[in-house]
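Just below is one structure, and these are the notes that go with it.
Because the structure is predicted, anything quoted here is derived from the model rather than measured.
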There are 2 protein chains.
Amino acid sequence: MPRNLKDHILQTASELFYRHGIKATGIDTIVKASGIAKMSLYKYYPSKDALVLAYLQTSADCMRNRILTGINDKNFNPQEKILAIFAVFDEMVASPDFRGCPFINAAVEYADVDGPIQQAAADFYREFCHLLTDLARQAGYSEPEELSTQLSILLAGATTREQIHKGSGAMRSAYKVAETLLKINSAEKALTVSGKTPLNRVEINKF
Amino acid sequence: MPRNLKDHILQTASELFYRHGIKATGIDTIVKASGIAKMSLYKYYPSKDALVLAYLQTSADCMRNRILTGINDKNFNPQEKILAIFAVFDEMVASPDFRGCPFINAAVEYADVDGPIQQAAADFYREFCHLLTDLARQAGYSEPEELSTQLSILLAGATTREQIHKGSGAMRSAYKVAETLLKINSAEKALTVSGKTPLNRVEINKF
DNA sequence: GTGTCAATAGACAGATCTGTCTGTTTCGTC
DNA sequence: GACGAAACAGACAGATCTGTCTATTGACAC
(Lines give C-alpha, C1' and ligand atoms only; values in the text may rest on other atoms or scores of the structure.)
Protein backbone atom coordinates (compact mmCIF):
# COMPACT_ATOMS: atom_id res chain seq x y z
CA MET A 1 0.00 0.00 0.00
CA PRO A 2 2.79 2.49 -0.64
CA ARG A 3 1.21 5.80 -1.56
CA ASN A 4 4.75 7.09 -1.80
CA LEU A 5 7.57 4.62 -2.20
CA LYS A 6 10.20 6.74 -0.49
CA ASP A 7 8.00 7.32 2.55
CA HIS A 8 7.00 3.68 2.64
CA ILE A 9 10.63 2.59 2.78
CA LEU A 10 11.39 5.09 5.51
CA GLN A 11 8.39 4.06 7.57
CA THR A 12 9.25 0.37 7.40
CA ALA A 13 12.89 1.07 8.20
CA SER A 14 11.97 3.33 11.10
CA GLU A 15 9.82 0.68 12.72
CA LEU A 16 12.57 -1.90 12.41
CA PHE A 17 15.31 0.47 13.56
CA TYR A 18 13.32 1.41 16.63
CA ARG A 19 12.12 -2.07 17.49
CA HIS A 20 15.29 -4.12 16.95
CA GLY A 21 17.99 -1.49 16.91
CA ILE A 22 19.78 0.17 14.02
CA LYS A 23 22.80 -2.09 13.73
CA ALA A 24 20.65 -5.18 14.18
CA THR A 25 18.53 -4.21 11.18
CA GLY A 26 20.16 -5.09 7.87
CA ILE A 27 19.31 -3.63 4.49
CA ASP A 28 17.98 -6.97 3.31
CA THR A 29 15.62 -7.09 6.28
CA ILE A 30 14.20 -3.69 5.38
CA VAL A 31 13.89 -4.72 1.74
CA LYS A 32 12.00 -7.90 2.59
CA ALA A 33 9.79 -6.26 5.20
CA SER A 34 8.77 -3.42 2.92
CA GLY A 35 8.35 -5.66 -0.12
CA ILE A 36 10.39 -3.42 -2.38
CA ALA A 37 13.49 -3.97 -4.46
CA LYS A 38 16.89 -3.23 -3.05
CA MET A 39 17.64 -0.93 -5.94
CA SER A 40 14.62 1.19 -5.05
CA LEU A 41 15.96 1.68 -1.55
CA TYR A 42 19.37 2.75 -2.81
CA LYS A 43 17.72 5.02 -5.34
CA TYR A 44 16.07 7.11 -2.63
CA TYR A 45 18.64 6.63 0.12
CA PRO A 46 22.18 6.35 -1.18
CA SER A 47 23.45 4.59 1.94
CA LYS A 48 22.25 3.07 5.17
CA ASP A 49 23.55 6.09 7.05
CA ALA A 50 21.34 8.33 4.94
CA LEU A 51 18.38 6.16 5.84
CA VAL A 52 19.30 6.27 9.53
CA LEU A 53 19.54 10.06 9.40
CA ALA A 54 16.12 10.25 7.78
CA TYR A 55 14.82 7.97 10.53
CA LEU A 56 16.16 10.27 13.23
CA GLN A 57 14.75 13.27 11.36
CA THR A 58 11.24 11.82 11.27
CA SER A 59 11.55 10.69 14.88
CA ALA A 60 12.40 14.25 15.84
CA ASP A 61 9.47 15.59 13.82
CA CYS A 62 7.10 13.09 15.37
CA MET A 63 8.30 13.83 18.90
CA ARG A 64 8.13 17.58 18.32
CA ASN A 65 4.59 17.26 17.01
CA ARG A 66 3.37 15.23 19.95
CA ILE A 67 4.93 17.59 22.45
CA LEU A 68 3.68 20.78 20.81
CA THR A 69 0.22 19.30 20.38
CA GLY A 70 0.20 18.26 24.02
CA ILE A 71 1.09 21.69 25.32
CA ASN A 72 -0.75 23.91 22.83
CA ASP A 73 -4.11 22.22 22.53
CA LYS A 74 -5.63 23.52 25.73
CA ASN A 75 -4.87 27.00 26.96
CA PHE A 76 -2.29 26.07 29.54
CA ASN A 77 -0.06 28.61 31.23
CA PRO A 78 3.69 27.97 30.91
CA GLN A 79 3.86 26.05 34.18
CA GLU A 80 1.01 23.81 33.10
CA LYS A 81 2.66 23.33 29.73
CA ILE A 82 5.77 21.96 31.42
CA LEU A 83 3.71 19.42 33.29
CA ALA A 84 1.81 18.60 30.11
CA ILE A 85 5.11 17.50 28.57
CA PHE A 86 5.40 14.88 31.29
CA ALA A 87 1.89 13.72 30.40
CA VAL A 88 2.95 13.36 26.76
CA PHE A 89 5.97 11.30 27.81
CA ASP A 90 3.77 9.17 30.04
CA GLU A 91 1.63 8.35 27.02
CA MET A 92 4.74 7.44 25.05
CA VAL A 93 6.19 5.05 27.61
CA ALA A 94 2.77 3.45 28.04
CA SER A 95 2.72 2.29 24.43
CA PRO A 96 3.39 -1.44 24.02
CA ASP A 97 5.85 -0.55 21.27
CA PHE A 98 7.87 1.72 23.52
CA ARG A 99 11.55 0.87 23.52
CA GLY A 100 13.27 3.96 24.83
CA CYS A 101 14.32 7.23 23.27
CA PRO A 102 15.36 6.81 19.63
CA PHE A 103 18.04 9.47 19.95
CA ILE A 104 19.66 8.08 23.05
CA ASN A 105 19.53 4.61 21.53
CA ALA A 106 21.15 5.83 18.32
CA ALA A 107 23.85 7.65 20.25
CA VAL A 108 24.61 4.48 22.19
CA GLU A 109 24.73 2.33 19.06
CA TYR A 110 27.08 4.73 17.28
CA ALA A 111 29.37 5.10 20.23
CA ASP A 112 32.65 6.46 18.98
CA VAL A 113 31.46 7.95 15.73
CA ASP A 114 31.49 11.70 16.12
CA GLY A 115 29.56 11.93 12.88
CA PRO A 116 26.14 13.08 11.69
CA ILE A 117 24.20 10.45 13.63
CA GLN A 118 25.60 11.44 17.02
CA GLN A 119 25.12 15.04 15.94
CA ALA A 120 21.46 14.53 15.11
CA ALA A 121 20.84 12.88 18.46
CA ALA A 122 22.56 15.68 20.36
CA ASP A 123 20.76 18.30 18.27
CA PHE A 124 17.32 17.04 19.19
CA TYR A 125 18.24 16.91 22.84
CA ARG A 126 19.48 20.48 22.68
CA GLU A 127 16.35 21.68 20.91
CA PHE A 128 14.20 19.97 23.50
CA CYS A 129 16.05 21.52 26.41
CA HIS A 130 15.67 24.87 24.69
CA LEU A 131 11.90 24.45 24.68
CA LEU A 132 11.94 23.61 28.38
CA THR A 133 14.10 26.64 29.14
CA ASP A 134 11.77 28.91 27.20
CA LEU A 135 8.77 27.61 29.09
CA ALA A 136 10.58 28.03 32.40
CA ARG A 137 11.49 31.56 31.45
CA GLN A 138 7.95 32.36 30.34
CA ALA A 139 6.70 31.00 33.65
CA GLY A 140 8.95 33.54 35.32
CA TYR A 141 11.36 31.25 37.13
CA SER A 142 14.54 32.87 38.34
CA GLU A 143 16.87 30.15 37.05
CA PRO A 144 15.18 28.80 33.91
CA GLU A 145 18.24 26.95 32.62
CA GLU A 146 18.90 25.12 35.85
CA LEU A 147 15.24 24.21 36.09
CA SER A 148 15.09 22.96 32.50
CA THR A 149 18.20 20.87 33.10
CA GLN A 150 16.56 19.28 36.10
CA LEU A 151 13.34 18.63 34.18
CA SER A 152 15.19 17.10 31.24
CA ILE A 153 17.08 14.85 33.64
CA LEU A 154 13.79 13.65 35.07
CA LEU A 155 12.37 12.94 31.61
CA ALA A 156 15.49 11.16 30.37
CA GLY A 157 15.82 9.16 33.56
CA ALA A 158 12.20 8.03 33.63
CA THR A 159 12.38 7.14 29.94
CA THR A 160 15.46 5.02 30.58
CA ARG A 161 13.96 3.34 33.60
CA GLU A 162 10.79 2.48 31.71
CA GLN A 163 12.99 1.05 28.97
CA ILE A 164 14.82 -1.25 31.38
CA HIS A 165 11.78 -2.09 33.51
CA LYS A 166 8.66 -1.69 31.44
CA GLY A 167 5.58 -0.54 33.29
CA SER A 168 7.44 0.59 36.39
CA GLY A 169 5.50 3.84 36.56
CA ALA A 170 8.72 5.82 36.52
CA MET A 171 7.26 8.64 34.45
CA ARG A 172 4.60 9.29 37.06
CA SER A 173 7.25 9.45 39.75
CA ALA A 174 9.14 11.92 37.58
CA TYR A 175 5.94 13.93 37.20
CA LYS A 176 5.57 14.19 40.95
CA VAL A 177 9.12 15.41 41.34
CA ALA A 178 8.57 17.96 38.57
CA GLU A 179 5.48 19.23 40.35
CA THR A 180 7.49 19.66 43.51
CA LEU A 181 10.28 21.48 41.70
CA LEU A 182 7.84 23.85 40.06
CA LYS A 183 6.15 24.63 43.35
CA ILE A 184 9.40 25.23 45.19
CA ASN A 185 11.05 27.33 42.55
CA SER A 186 7.85 29.25 42.06
CA ALA A 187 7.79 30.11 45.74
CA GLU A 188 11.45 31.11 45.73
CA LYS A 189 11.01 33.32 42.72
CA ALA A 190 7.91 34.94 44.19
CA LEU A 191 9.70 35.55 47.47
CA THR A 192 12.56 37.31 45.77
CA VAL A 193 10.23 39.37 43.63
CA SER A 194 7.19 40.24 45.69
CA GLY A 195 8.03 38.96 49.11
CA LYS A 196 5.08 36.65 49.49
CA THR A 197 4.12 33.15 48.44
CA PRO A 198 1.81 32.93 45.43
CA LEU A 199 -1.07 30.56 45.02
CA ASN A 200 -0.25 27.14 43.75
CA ARG A 201 -1.77 27.13 40.30
CA VAL A 202 -0.56 23.71 39.28
CA GLU A 203 -3.70 21.66 39.38
CA ILE A 204 -3.73 19.58 36.21
CA ASN A 205 -3.43 16.34 38.09
CA LYS A 206 -3.58 14.04 35.12
CA PHE A 207 -2.24 11.27 37.33
CA MET B 1 51.88 -7.64 31.57
CA PRO B 2 49.28 -10.34 32.02
CA ARG B 3 49.56 -11.68 35.54
CA ASN B 4 46.54 -13.79 34.70
CA LEU B 5 45.71 -14.42 31.07
CA LYS B 6 41.99 -14.81 31.60
CA ASP B 7 41.76 -11.55 33.53
CA HIS B 8 43.95 -9.79 31.02
CA ILE B 9 41.63 -10.78 28.17
CA LEU B 10 38.59 -9.65 30.12
CA GLN B 11 40.14 -6.34 31.03
CA THR B 12 41.11 -5.54 27.46
CA ALA B 13 37.71 -6.60 26.18
CA SER B 14 35.92 -4.56 28.84
CA GLU B 15 37.74 -1.40 27.90
CA LEU B 16 36.93 -1.89 24.22
CA PHE B 17 33.31 -2.85 24.87
CA TYR B 18 32.78 0.22 27.00
CA ARG B 19 34.64 2.66 24.77
CA HIS B 20 33.43 1.61 21.33
CA GLY B 21 30.35 -0.43 22.09
CA ILE B 22 29.89 -4.19 22.28
CA LYS B 23 28.73 -4.88 18.76
CA ALA B 24 31.34 -2.55 17.33
CA THR B 25 34.10 -4.55 19.02
CA GLY B 26 35.01 -7.70 17.11
CA ILE B 27 36.84 -10.71 18.49
CA ASP B 28 39.82 -9.99 16.27
CA THR B 29 40.05 -6.49 17.68
CA ILE B 30 40.17 -7.85 21.21
CA VAL B 31 42.76 -10.45 20.19
CA LYS B 32 45.02 -7.85 18.60
CA ALA B 33 44.61 -5.30 21.40
CA SER B 34 45.40 -7.81 24.12
CA GLY B 35 48.25 -9.42 22.19
CA ILE B 36 47.01 -12.95 22.79
CA ALA B 37 46.05 -15.77 20.48
CA LYS B 38 42.46 -16.21 19.42
CA MET B 39 42.47 -19.78 20.71
CA SER B 40 43.38 -18.52 24.17
CA LEU B 41 40.36 -16.28 24.19
CA TYR B 42 38.04 -19.10 23.16
CA LYS B 43 39.65 -21.36 25.71
CA TYR B 44 38.60 -19.13 28.61
CA TYR B 45 35.43 -17.69 27.08
CA PRO B 46 33.60 -20.16 24.85
CA SER B 47 31.74 -17.41 22.97
CA LYS B 48 31.54 -13.67 22.61
CA ASP B 49 28.33 -13.67 24.64
CA ALA B 50 30.17 -15.32 27.52
CA LEU B 51 32.79 -12.59 27.34
CA VAL B 52 30.11 -9.90 27.28
CA LEU B 53 28.44 -11.43 30.32
CA ALA B 54 31.76 -11.46 32.16
CA TYR B 55 32.21 -7.82 31.16
CA LEU B 56 28.84 -6.91 32.65
CA GLN B 57 29.65 -8.92 35.74
CA THR B 58 32.90 -7.08 36.38
CA SER B 59 31.22 -3.77 35.60
CA ALA B 60 28.63 -4.54 38.24
CA ASP B 61 31.34 -5.52 40.73
CA CYS B 62 33.29 -2.36 40.01
CA MET B 63 30.23 -0.13 40.32
CA ARG B 64 29.13 -1.86 43.53
CA ASN B 65 32.60 -1.40 45.01
CA ARG B 66 32.77 2.27 44.21
CA ILE B 67 29.33 2.93 45.60
CA LEU B 68 29.83 0.95 48.79
CA THR B 69 33.23 2.52 49.34
CA GLY B 70 31.73 5.94 48.81
CA ILE B 71 28.99 5.47 51.36
CA ASN B 72 30.75 3.36 53.97
CA ASP B 73 34.11 5.06 54.33
CA LYS B 74 33.01 7.93 56.52
CA ASN B 75 30.38 7.46 59.16
CA PHE B 76 27.46 8.89 57.24
CA ASN B 77 23.89 8.51 58.35
CA PRO B 78 21.52 6.92 55.79
CA GLN B 79 20.46 10.29 54.37
CA GLU B 80 24.06 11.32 53.89
CA LYS B 81 24.81 7.98 52.29
CA ILE B 82 22.17 8.61 49.67
CA LEU B 83 23.75 11.92 48.78
CA ALA B 84 27.18 10.30 48.81
CA ILE B 85 25.98 8.04 45.98
CA PHE B 86 25.41 11.13 43.88
CA ALA B 87 28.95 12.21 44.67
CA VAL B 88 30.25 8.85 43.47
CA PHE B 89 28.29 9.22 40.23
CA ASP B 90 29.62 12.73 39.81
CA GLU B 91 33.13 11.35 39.98
CA MET B 92 32.24 8.74 37.38
CA VAL B 93 30.79 11.14 34.83
CA ALA B 94 33.76 13.45 35.32
CA SER B 95 36.17 10.82 34.05
CA PRO B 96 37.44 11.51 30.52
CA ASP B 97 36.68 7.87 29.71
CA PHE B 98 33.06 8.15 30.76
CA ARG B 99 30.67 6.97 28.08
CA GLY B 100 27.43 6.28 29.92
CA CYS B 101 26.14 3.40 31.96
CA PRO B 102 27.47 0.04 30.74
CA PHE B 103 24.21 -1.71 31.58
CA ILE B 104 21.93 0.73 29.83
CA ASN B 105 24.27 0.70 26.84
CA ALA B 106 24.26 -3.09 26.73
CA ALA B 107 20.48 -3.21 27.00
CA VAL B 108 20.19 -0.77 24.10
CA GLU B 109 22.63 -2.71 21.95
CA TYR B 110 20.85 -6.00 22.57
CA ALA B 111 17.44 -4.59 21.93
CA ASP B 112 15.11 -7.47 21.20
CA VAL B 113 17.12 -10.23 22.79
CA ASP B 114 15.35 -11.23 25.98
CA GLY B 115 18.40 -13.26 26.91
CA PRO B 116 21.09 -13.25 29.57
CA ILE B 117 22.59 -9.92 28.57
CA GLN B 118 19.36 -7.98 28.97
CA GLN B 119 18.81 -9.93 32.16
CA ALA B 120 22.17 -8.96 33.59
CA ALA B 121 21.53 -5.30 32.84
CA ALA B 122 18.10 -5.38 34.46
CA ASP B 123 19.47 -7.30 37.44
CA PHE B 124 22.06 -4.70 38.29
CA TYR B 125 19.50 -1.95 38.02
CA ARG B 126 17.20 -3.84 40.35
CA GLU B 127 19.97 -4.46 42.85
CA PHE B 128 20.91 -0.81 42.79
CA CYS B 129 17.35 0.34 43.38
CA HIS B 130 17.17 -2.11 46.25
CA LEU B 131 20.16 -0.44 47.89
CA LEU B 132 18.51 2.95 47.50
CA THR B 133 15.27 1.66 48.97
CA ASP B 134 17.09 0.19 51.94
CA LEU B 135 18.86 3.46 52.61
CA ALA B 136 15.60 5.37 52.33
CA ARG B 137 13.96 2.96 54.73
CA GLN B 138 16.88 3.20 57.18
CA ALA B 139 16.59 6.96 57.01
CA GLY B 140 13.00 6.56 58.09
CA TYR B 141 11.19 7.91 55.05
CA SER B 142 7.52 7.05 54.84
CA GLU B 143 7.59 5.96 51.20
CA PRO B 144 11.07 4.48 50.66
CA GLU B 145 10.22 2.78 47.36
CA GLU B 146 8.77 5.89 45.77
CA LEU B 147 11.74 7.91 46.98
CA SER B 148 14.25 5.38 45.67
CA THR B 149 12.48 5.33 42.31
CA GLN B 150 12.77 9.10 42.13
CA LEU B 151 16.43 9.01 43.09
CA SER B 152 17.25 6.32 40.56
CA ILE B 153 15.48 8.36 37.88
CA LEU B 154 17.68 11.32 38.75
CA LEU B 155 20.84 9.23 38.59
CA ALA B 156 19.92 7.54 35.31
CA GLY B 157 18.80 10.80 33.74
CA ALA B 158 21.90 12.71 34.72
CA THR B 159 24.09 9.85 33.53
CA THR B 160 22.33 9.86 30.16
CA ARG B 161 22.53 13.61 29.82
CA GLU B 162 26.24 13.61 30.60
CA GLN B 163 26.65 10.90 27.98
CA ILE B 164 24.95 12.99 25.29
CA HIS B 165 26.44 16.32 26.38
CA LYS B 166 29.70 15.71 28.18
CA GLY B 167 30.51 18.12 30.97
CA SER B 168 27.03 19.59 31.21
CA GLY B 169 27.06 19.39 35.00
CA ALA B 170 23.88 17.35 34.96
CA MET B 171 24.91 15.22 37.93
CA ARG B 172 25.24 18.28 40.12
CA SER B 173 21.78 19.41 39.12
CA ALA B 174 20.49 15.95 39.98
CA TYR B 175 22.27 16.22 43.33
CA LYS B 176 20.45 19.46 44.11
CA VAL B 177 17.11 17.89 43.29
CA ALA B 178 17.94 14.90 45.46
CA GLU B 179 18.78 17.21 48.34
CA THR B 180 15.43 18.91 47.93
CA LEU B 181 13.57 15.62 47.83
CA LEU B 182 15.28 14.40 50.96
CA LYS B 183 14.47 17.59 52.83
CA ILE B 184 10.84 17.61 51.78
CA ASN B 185 10.16 13.96 52.43
CA SER B 186 12.01 14.19 55.70
CA ALA B 187 9.71 17.01 56.78
CA GLU B 188 6.63 15.10 55.68
CA LYS B 189 7.67 11.98 57.50
CA ALA B 190 8.50 13.90 60.66
CA LEU B 191 5.18 15.69 60.57
CA THR B 192 3.28 12.46 60.32
CA VAL B 193 5.31 10.88 63.09
CA SER B 194 6.08 13.52 65.67
CA GLY B 195 4.21 16.53 64.41
CA LYS B 196 7.16 18.86 64.09
CA THR B 197 9.88 19.58 61.55
CA PRO B 198 13.27 18.05 62.28
CA LEU B 199 16.63 19.68 61.84
CA ASN B 200 18.11 19.51 58.41
CA ARG B 201 21.10 17.27 58.89
CA VAL B 202 22.13 17.12 55.27
CA GLU B 203 25.24 19.21 55.20
CA ILE B 204 27.75 17.31 53.13
CA ASN B 205 27.88 19.90 50.43
CA LYS B 206 30.49 18.25 48.29
CA PHE B 207 29.44 20.53 45.46
C1' DG C 1 67.69 -34.20 26.47
C1' DT C 2 62.80 -35.31 26.37
C1' DG C 3 57.97 -35.14 27.06
C1' DT C 4 54.06 -32.25 28.17
C1' DC C 5 51.16 -28.64 27.87
C1' DA C 6 49.89 -23.84 27.50
C1' DA C 7 50.08 -20.30 24.34
C1' DT C 8 51.00 -18.40 19.61
C1' DA C 9 50.27 -17.48 14.68
C1' DG C 10 47.40 -17.48 11.23
C1' DA C 11 44.68 -19.89 7.72
C1' DC C 12 40.05 -21.26 7.09
C1' DA C 13 34.85 -22.08 6.88
C1' DG C 14 30.46 -20.26 6.94
C1' DA C 15 27.47 -16.63 7.79
C1' DT C 16 26.12 -11.86 7.24
C1' DC C 17 26.35 -7.17 5.79
C1' DT C 18 26.58 -3.15 2.49
C1' DG C 19 26.36 -1.75 -1.89
C1' DT C 20 26.43 -2.82 -7.18
C1' DC C 21 25.04 -4.86 -11.37
C1' DT C 22 22.13 -7.23 -14.78
C1' DG C 23 18.02 -8.68 -16.48
C1' DT C 24 12.86 -8.78 -16.37
C1' DT C 25 8.31 -7.10 -15.44
C1' DT C 26 4.85 -3.66 -14.92
C1' DC C 27 2.38 0.29 -16.14
C1' DG C 28 1.12 4.82 -17.80
C1' DT C 29 1.20 7.47 -22.12
C1' DC C 30 1.11 8.02 -26.85
C1' DG D 1 0.23 -2.11 -29.76
C1' DA D 2 4.72 0.45 -28.78
C1' DC D 3 7.78 3.07 -26.00
C1' DG D 4 10.08 4.39 -21.76
C1' DA D 5 10.58 4.96 -17.07
C1' DA D 6 10.04 2.87 -12.63
C1' DA D 7 10.15 -0.97 -9.92
C1' DC D 8 11.22 -5.84 -9.18
C1' DA D 9 14.15 -10.05 -8.58
C1' DG D 10 18.13 -11.80 -7.36
C1' DA D 11 22.99 -12.79 -8.32
C1' DC D 12 27.31 -10.90 -7.11
C1' DA D 13 31.61 -8.64 -5.08
C1' DG D 14 34.09 -7.42 -1.21
C1' DA D 15 34.38 -6.73 3.52
C1' DT D 16 33.72 -8.30 8.19
C1' DC D 17 32.35 -11.26 11.86
C1' DT D 18 32.29 -15.53 14.85
C1' DG D 19 34.21 -19.65 15.76
C1' DT D 20 37.38 -23.79 14.38
C1' DC D 21 41.50 -26.02 12.97
C1' DT D 22 46.42 -26.97 12.27
C1' DA D 23 51.14 -26.24 12.99
C1' DT D 24 54.62 -24.17 15.75
C1' DT D 25 56.91 -22.14 19.72
C1' DG D 26 58.44 -21.93 24.45
C1' DA D 27 58.86 -23.13 29.20
C1' DC D 28 59.08 -26.27 32.80
C1' DA D 29 59.37 -31.02 35.08
C1' DC D 30 61.71 -35.21 35.01
Side-chain angles (χ1 to χ4, degrees), chain A residues 1-57 105-106 108-113 115-118 120, chain B residues 1-57 105-106 108-113 115-118 120:
Chain A
M1 295 295 172
R3 92 157 29 148
N4 178 324
L5 196 56
K6 188 176 179 183
D7 289 349
H8 172 66
I9 294 168
L10 179 54
Q11 190 180 322
T12 308
S14 295
E15 285 169 15
L16 292 169
F17 284 156
Y18 184 65
R19 184 195 305 264
H20 303 113
I22 297 171
K23 290 194 175 173
T25 303
I27 295 288
D28 284 336
T29 307
I30 299 169
V31 167
K32 270 191 188 167
S34 56
I36 53 115
K38 194 184 266 195
M39 282 309 285
S40 300
L41 190 152
Y42 277 101
K43 179 184 175 187
Y44 293 113
Y45 301 98
S47 70
K48 184 179 179 180
D49 278 2
L51 189 55
V52 173
L53 281 175
Y55 154 63
L56 291 178
Q57 192 62 51
N105 291 354
V108 168
E109 289 206 73
Y110 288 79
D112 50 353
V113 185
I117 287 165
Q118 278 267 3
Chain B
M1 295 294 172
R3 91 157 29 149
N4 177 325
L5 197 54
K6 188 177 180 183
D7 288 349
H8 172 65
I9 293 168
L10 179 55
Q11 190 181 323
T12 308
S14 295
E15 285 170 14
L16 293 169
F17 284 156
Y18 184 65
R19 184 195 306 262
H20 302 113
I22 297 171
K23 291 194 175 174
T25 304
I27 295 288
D28 284 336
T29 307
I30 299 169
V31 167
K32 271 189 187 168
S34 55
I36 53 116
K38 194 184 266 195
M39 284 307 287
S40 301
L41 189 152
Y42 278 101
K43 179 184 175 187
Y44 293 113
Y45 301 98
S47 69
K48 185 179 178 180
D49 278 1
L51 189 55
V52 173
L53 280 175
Y55 155 62
L56 291 178
Q57 192 62 51
N105 291 354
V108 168
E109 288 206 73
Y110 288 79
D112 49 352
V113 184
I117 288 166
Q118 278 269 359

Exercise. Does any pair with a residue in residues 21-52 of chain A pass ring-ring contact (aromatic ring centres under 6.0 Å, His included), and if so which ones, sequence neighbours excluded?
Worked result: none

Name the pairs: protein N/O against N/O of nucleotides 5-7 of chain C, kept only if under 3.5 Å.
{"from": "C:dA7", "atom 1": "OP1", "to": "B:Tyr44", "atom 2": "OH", "distance (Å)": "3.2"}
{"from": "C:dA7", "atom 1": "OP2", "to": "B:Lys43", "atom 2": "NZ", "distance (Å)": "2.8"}
{"from": "C:dA7", "atom 1": "OP2", "to": "B:Tyr44", "atom 2": "OH", "distance (Å)": "2.9"}

For this session: Would you please name every residue forming a side chain to side chain contact (heavy atoms under 4.5 Å, CB included) with A:Ala111, sequence neighbours left out?
Result: B:Arg99

Problem set entry | Whole angstrom value for the distance that separates C1' of D:dA5 from CE of A:Met39 | 14 Å

For this session: Look at the side chain of A:Gln118 and the backbone N and O of A:Tyr110, then say whether any donor-acceptor pair between them is shorter than 3.5 Å.
Result: yes

For this session: With sequence neighbours excluded, tell me which residues meet side chain to side chain contact (heavy atoms under 4.5 Å, CB included) with A:Ala24.
Result: B:Lys23

Seminar exercise, completed: A:Leu41 CG to D:dG10 P, in whole Å, measures 17 Å

Problem set entry | Separation of C:dT16 P from A:Ile30 CD1 (nearest whole Å) | 17 Å

Exercise. Looking at DNA chain D, which of residues 13-28 of chain A put a heavy atom within less than 4.0 Å of it?
Worked result: none

Problem set entry | Between C:dG10 (P) and B:Tyr42 (OH): distance, integer Å | 18 Å

What does the list of N/O pairs under 3.5 Å between the protein and nucleotides 12-14 of chain C look like, with a distance for each?
none

For this session: Please report how far the helix from C:dG1-D:dC30 to C:dC30-D:dG1 bends, comparing the axis fitted to its first five pairs with the axis fitted to its last five, to the nearest 10 degrees.
Result: 0°

Exercise. Which of residues 48-56 of chain B sit near DNA chain D, with a heavy atom under 4.0 Å from it?
Worked result: B:Lys48

Exercise. With sequence neighbours excluded, what pairs up with B:Thr12 under the side chain to side chain contact (heavy atoms under 4.5 Å, CB included) test?
Worked result: B:His8, B:Leu16, B:Ala33, B:Ser34

For this session: Quick one: which residue pairs count as a ring-ring contact (aromatic ring centres under 6.0 Å, His included) with a foot in residues 10-37 of chain B, not counting sequence neighbours?
Result: B:Phe17-B:Tyr55

For this session: State which residues pass side-chain hydrogen bond (donor to acceptor under 3.5 Å, both in side chains) with A:Asp49; sequence neighbours excluded, sorted by chain then number.
Result: none

For this session: Keeping to residues at least two apart or across chains, list the salt bridge (Lys or Arg N to Asp or Glu O under 4.0 Å) pairs with something in residues 28-41 of chain B.
Result: B:Asp28-B:Lys38

